[in-house]
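Accompanying notes for the structure given below.
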Amino acid sequence: MRRVSIVVPLFNEEGNVRQLHKEILDVCKQNNYTFEIIFVDDGSCDNTVDECKMLKPLKLIQMRRNFGQTAAMDAGIKMAQYEFVVTMDGDRQNDPADIPRMIEYLEENNLDVVSGWRKNRKDTLMKRFTSRGANFLRWLIVHDGIHDSGCSLKIYRKECFEGINLYGEQHRFIPALLKIKGFTIGEIEVNHRPRVAGKTKYNWKRTIKGFVDMISVWFWNKYASRPLHLLGGTGLGFIGLGFICGIWSVVLFIQGRKMSNNIFPPLFTIFFVIIGLLLFVFGLMSEIMMKTYYGTHVDTPYSIKEIKEFPDVER
């Protein structure tokens with residue numbers, strides 16, 4: 001029997017929670033799941049909490065204020081107790097009927113994560129355009145191997161989140177973060193429905209925050225365990241430019257040129273060398289900080305999937 005935890009962050013979704021709960025409940029009962037439904041209210045200022053209190057069965061988590069979708073999702077995931085964790089939006093645009101197919105796809109292909117792909121989106125033209133642009137940048141920078149990382153409908157094995165804390169707008173990049181740790185990622189097309197109640201929570205501010213977090217994920221993927229390679233390498237590049245400018249200055253001096261008329265070569269020499277040295281020192285400091293982080297924090301730059309022993313049968 002499959003055991004499933006469904007985690008749904010909510011913010012001002014009073015017109016959606018009842019029907020969404022019913023749809024999730026029907027899917028779980030029809031498929032004979034052992035299940036729990038976890039709604040996380042992220043500081044709603046409408047009647048979302050009151051609506052939730054009339055729903056059974058339900059585990060309701062209330063945030064003290066609006067901390068954002070990622071924080072709400074992280075709180076719900078940490079509360080989940082079953083082997084499969086399903087996340088989805090609270091606006092009913094994700095279809096709970098897709099959950100059984102996603103679980104089957106995950107098991108058949110021995111995956112750790114299956115992400116929904118909203119191939120035929122039911123959003124406004126502007127929202128689809130923004131999403132396409134964000135997906136292109138994500139493909140260019142993060143390389144998580146999926147088409148639609150912004151789709152909240154995903155299924156994970158519970159072990160994926162051991163030692164992981166989500167923050168910022170990182171819920172969009174959970175597959176990328178897990179791929180860095182060696183988990184296997186898959187994708188399947190899912191139904192996407194138009195919003196019928198409430199208002200969208202997406203705006204240009206979330207787009208900017210998402211882009212900043214994308215850069216953070218890129219850095220974490222490439223240089224978290226070796227920041228000296230980026231900062232130190234860039235610093236050496238600047239020092240090299242300073243060396244070239246220094247040679248240029250010496251040549252001008254040998255030629256008898258007045259340095260007062262050729263002030264830029266020595267200025268560039270000093271500028272590039274100082275910037276290069278600063279970057280190199282920052283790289284060394286970052287290297288020390290990351291080693292301290294990995295030595296004291298529960299998080300690690302890798303994840304062990306399995307340990308096997310091969311005993312010596314001759315003994």
Side-chain angles (χ1 to χ4, degrees), residues 68 70 74 133-145 149 162-183 185 205-304:
T70 300
D74 187 64
N135 283 331
F136 174 74
L137 287 174
R138 179 186 46 77
W139 171 83
L140 196 65
I141 297 173
V142 177
H143 305 295
D144 56 9
S149 184
E162 294 177 0
I164 286 185
N165 297 305
L166 304 175
Y167 55 89
E169 293 290 324
Q170 285 188 346
H171 66 277
R172 297 184 180 92
F173 310 114
I174 297 176
L177 293 169
L178 295 177
K179 188 176 181 180
I180 292 170
K181 289 184 169 288
F183 291 101
I185 315 296
K205 293 181 180 178
R206 292 192 66 174
T207 302
I208 294 174
K209 291 177 181 177
F211 178 73
V212 172
D213 282 327
M214 189 186 303
I215 299 299
S216 173
V217 171
W218 168 82
F219 178 83
W220 194 260
N221 183 23
K222 293 288 186 180
Y223 302 106
S225 59
R226 44 193 170 91
L228 184 60
H229 288 199
L230 174 64
L231 298 174
T234 306
L236 289 175
F238 274 102
I239 291 173
L241 289 174
F243 181 74
I244 293 172
C245 291
I247 294 176
W248 182 16
S249 300
V250 171
V251 170
L252 292 175
F253 179 78
I254 293 174
Q255 290 176 349
R257 305 282 188 90
K258 290 184 178 181
M259 299 310 294
S260 59
N261 297 329
N262 297 277
I263 192 66
F264 289 108
L267 284 179
F268 284 149
T269 300
I270 297 171
F271 173 78
F272 286 137
V273 169
I274 291 176
I275 294 297
L277 288 173
L278 286 174
L279 285 173
F280 194 83
V281 170
F282 286 156
L284 287 173
M285 294 174 62
S286 299
E287 192 86 3
I288 294 171
M289 291 173 64
M290 292 311 299
K291 288 181 179 179
T292 303
Y293 173 82
Y294 284 128
T296 59
H297 199 265
V298 295
D299 197 7
T300 59
Y302 59 88
S303 179
I304 299 174

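Closest approach of Thr269 and Ser249 over heavy atoms only: OG1-OG, 3.8 Å. Among all heavy-atom pairs drawn from Leu279 and Thr234, the shortest one is CD1-CG2, 3.8 Å.
Each of Ile244, Leu277, Leu267, Leu241 was scored for a side chain to side chain contact (heavy atoms under 4.5 Å, CB included) with Phe272, with one residue passing: Leu241.
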